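These values consider heavy atoms only, across backbone and side chains, with no hydrogens, waters or symmetry-generated copies. Everything numeric in this text was worked out from a predicted model, so none of it was measured.
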There are 2 protein chains.
Amino acid sequence: MHPLSQTATIRTGTSAPPAVLGRPTLASIFLGRPVESFEAGETVFWQGEAAREVFELAEGCLRLCRILPDGRRVVTGFIYAGAVVGVAVGSRHDCSAEAVTPVRLRRIDRRAFHAEVDRSDELRPQLLAMIQAEVSAAQAHIIMLGCKTAEERVATFLVTVAQRTGADLKSPVQIQLPMTRRDIADFLGLTLETVSRIMSKFKRDGLIAPVVQRTIRLRRMQFLQELTGEFDEDDGFTGCPRMASAH
Amino acid sequence: MHPLSQTATIRTGTSAPPAVLGRPTLASIFLGRPVESFEAGETVFWQGEAAREVFELAEGCLRLCRILPDGRRVVTGFIYAGAVVGVAVGSRHDCSAEAVTPVRLRRIDRRAFHAEVDRSDELRPQLLAMIQAEVSAAQAHIIMLGCKTAEERVATFLVTVAQRTGADLKSPVQIQLPMTRRDIADFLGLTLETVSRIMSKFKRDGLIAPVVQRTIRLRRMQFLQELTGEFDEDDGFTGCPRMASAH
DNA sequence: CGCACAGTTGATTCGGCTCAAAGCCTGTGG
DNA sequence: CCACAGGCTTTGAGCCGAATCAACTGTGCG
């Protein structure tokens, strides 16, 4: 029902026999733990707080943000249903996690989580892979902030969200943007006005079309991907790991 | 002899009995492997190349950089002696590693490395801690690129390098900057001219003083830390994990 | 209805980029 | 030993992309 719950959400009643008999996943560690709900705007954990627990987002969308002493804010990432948060941090959270939409999640003690992972030959590589994906996303973010123009950043953001849906990126994709312009701006290192202006320009140019509030349709994916600045005519979108190879 | 080999460099002749009998570390996995040398400017591994091996930097300094199709460059990080590189990546390197100074390193097959770590109850948490530090550094980089001014970025860079030396940050610190202005600029998301101008300004203001070529002395650490934008008068430098706590 | 909040759009400003020209080391060869 | 070349750095002048400041338009919601 909620927006952005398109990815594989683990829906398991406490009574239903969990998938523990099948292949264990990181998410399965949270089975049996009570589900908590947060209203949009509520904070799940705070920057600077001791990182005693890890969380599994069952439904909704979180923003991870960090505030500088003088009030400047950076959104370091958006978290969607199915993801596990709070693993790759030290003893304290370096950012706050705030609910963008109504959120449902489970939590478990960090030590217990790590003990469980450490015990399983199947889970250990999964954890590593998860953290690698996190590093990879951070890297991509650094590239964006380090050298892309405002237009390229917005295009990159839209394409990234579209990729997350798993849809075929050749044809038009419909995406949800539950976060505000300010959230997007703080994620992209821009102002909300600049984000708004560029979205308007993309609409004028027929690249995107509003569907309903906070839902848009990406109409010309190919062109959008070229606008990200990472598109090479010969080899296509060279997102994170792939690269223009020597012919 | 080489600059920037201030951190604990693992110096072990192949004949000397390695520290394997003591507590194993990630670095000890590389003991016995042959040491390779690279000239300044040479590339250790390439962006897009299959990531088949991990590396332990014994001496010197590497820059990790990523090139966009149109030639823009981002330096995602500098690696110093003692560090292990190439672990937290997927199947392909998402950036190249180039020698800033003459470099000496050891390499080992990724699978072998991971097998070794996976086998040891002591090494597994060390690997996790290492990757967490990497995530933390990436986060700090994102903050910097996301909302800091040019002056704050340069100050942050200088303070970060100073922290790495492990010196007491109250008193003046002497640091090596083996990389070029362009490297620093590409790391900070600025142009080399801007970096140069700001360094000149810091010199004029008595914050830093040149010692010899590529070596400077940070004379007023407190003030430099305030310039980073992460300094809070009450609680001091709120670098990565710590945070202004509720009193 | 009226308030609060998100988003859009316009006018103006400014920080950092671009372009250009010297300075400065380091190495090299006569 | 000096002259010269090439790369790195510094400094200046002008410009531009995005920020800032400000007004206005939806869009829920009590």
Side-chain angles (χ1 to χ4, degrees), chain A residues 3 39-41 63 70-75 98 100-102 144-157 176-205 208-216 227 229, chain B residues 3 39-41 63 70-75 98 100-102 144-157 176-205 208-216 227 229:
Chain A
E39 294 299 311
R63 65 172 167 258
D70 67 353
R72 277 174 288 183
R73 190 182 80 149
V74 183
V75 171
E98 300 167 3
V100 171
T101 64
M144 192 175 62
L145 299 175
C147 72
K148 290 195 186 183
T149 66
E151 205 171 283
E152 288 169 336
R153 294 183 198 199
V154 175
T156 304
F157 178 67
Q176 311 265 5
L177 298 176
M179 61 295 284
T180 67
R181 292 283 183 265
R182 168 163 292 285
D183 290 335
I184 299 174
D186 288 347
F187 180 72
L188 299 180
L190 301 170
T191 59
L192 64 92
E193 292 96 329
T194 298
V195 172
S196 180
R197 268 184 255 272
I198 290 172
M199 297 281 265
S200 296
K201 180 173 185 299
F202 284 175
K203 276 174 200 156
R204 269 199 306 282
D205 297 350
I208 66 178
V211 177
V212 297
Q213 195 63 356
R214 306 227 152 150
T215 301
I216 61 173
L227 280 183
Chain B
E39 294 299 311
R63 66 173 167 259
D70 67 353
R72 277 175 288 183
R73 190 182 80 150
V74 183
V75 172
E98 301 166 2
V100 171
T101 63
M144 192 175 64
L145 298 175
C147 72
K148 290 194 186 183
T149 65
E151 205 171 284
E152 288 170 336
R153 294 183 197 197
V154 175
T156 303
F157 178 66
Q176 311 263 6
L177 297 176
M179 61 295 283
T180 68
R181 292 281 183 265
R182 169 165 292 284
D183 290 335
I184 299 174
D186 288 347
F187 180 72
L188 298 180
L190 301 170
T191 58
L192 64 92
E193 292 97 329
T194 298
V195 172
S196 179
R197 270 184 254 272
I198 290 172
M199 297 281 264
S200 298
K201 180 172 186 300
F202 283 175
K203 278 174 200 155
R204 271 199 306 280
D205 296 350
I208 64 178
V211 177
V212 297
Q213 195 62 358
R214 308 231 148 147
T215 301
I216 60 172
L227 281 182

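Contacts of residues 180-190 of chain A with DNA chain C (heavy atom under 4.0 Å): A:Thr180, A:Arg181.
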Exercise for review: Encode nucleotides 21-30 of chain D as B, S and - characters from 5' to 3', where the letter depends on protein heavy atoms closer than 4.0 Å: B to the base, S only to sugar-phosphate, - to neither.
Suggested key: B---------
For residues 187-198 of chain A, run the donor-acceptor check on the side chains, cut-off 3.5 Å, and write out each pair with its distance to 0.1 Å, sequence neighbours left out.
| residue | atom | partner | partner atom | Å |
| --- | --- | --- | --- | --- |
| A:Thr191 | OG1 | A:Thr194 | N | 3.3 |
| A:Thr191 | OG1 | A:Thr194 | OG1 | 3.0 |

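When A:Thr180, A:Asp183, A:Asp186 are each tested for a side chain to side chain contact (heavy atoms under 4.5 Å, CB included) with A:Arg63, only one passes: A:Asp183.
Residue contacts shown for A:Lys201 are absent, as no nucleic acid heavy atom lies under 4.0 Å away. At the heavy-atom level, A:Arg153 lies nowhere under 4.0 Å from the strands shown.
For DNA chain C, the contact window with chain B, defined by any atom under 4.0 Å from a protein heavy atom, covers C:dG16 to C:dC19 in 5' to 3' order.
Rounded to 10 degrees, the angle separating the terminal helix axes of the helix from C:dC1-D:dG30 to C:dG30-D:dC1, each built from five base pairs, is 30°.
For the pair B:Met199 CE and D:dT11 P, the interatomic distance rounds to 12 Å; values are reported in whole Å. Following rounding to the nearest Å, A:Ile198 (CD1) and D:dA19 (C1') show an atom-to-atom distance of 12 Å.
OP1 or OP2 of D:dT11 sits under 4.0 Å from a side-chain N or O of B:Ser200.
In this structure, B:Arg153 has no salt bridge (Lys or Arg N to Asp or Glu O under 4.0 Å) partners at least two apart in sequence or on a different chain.
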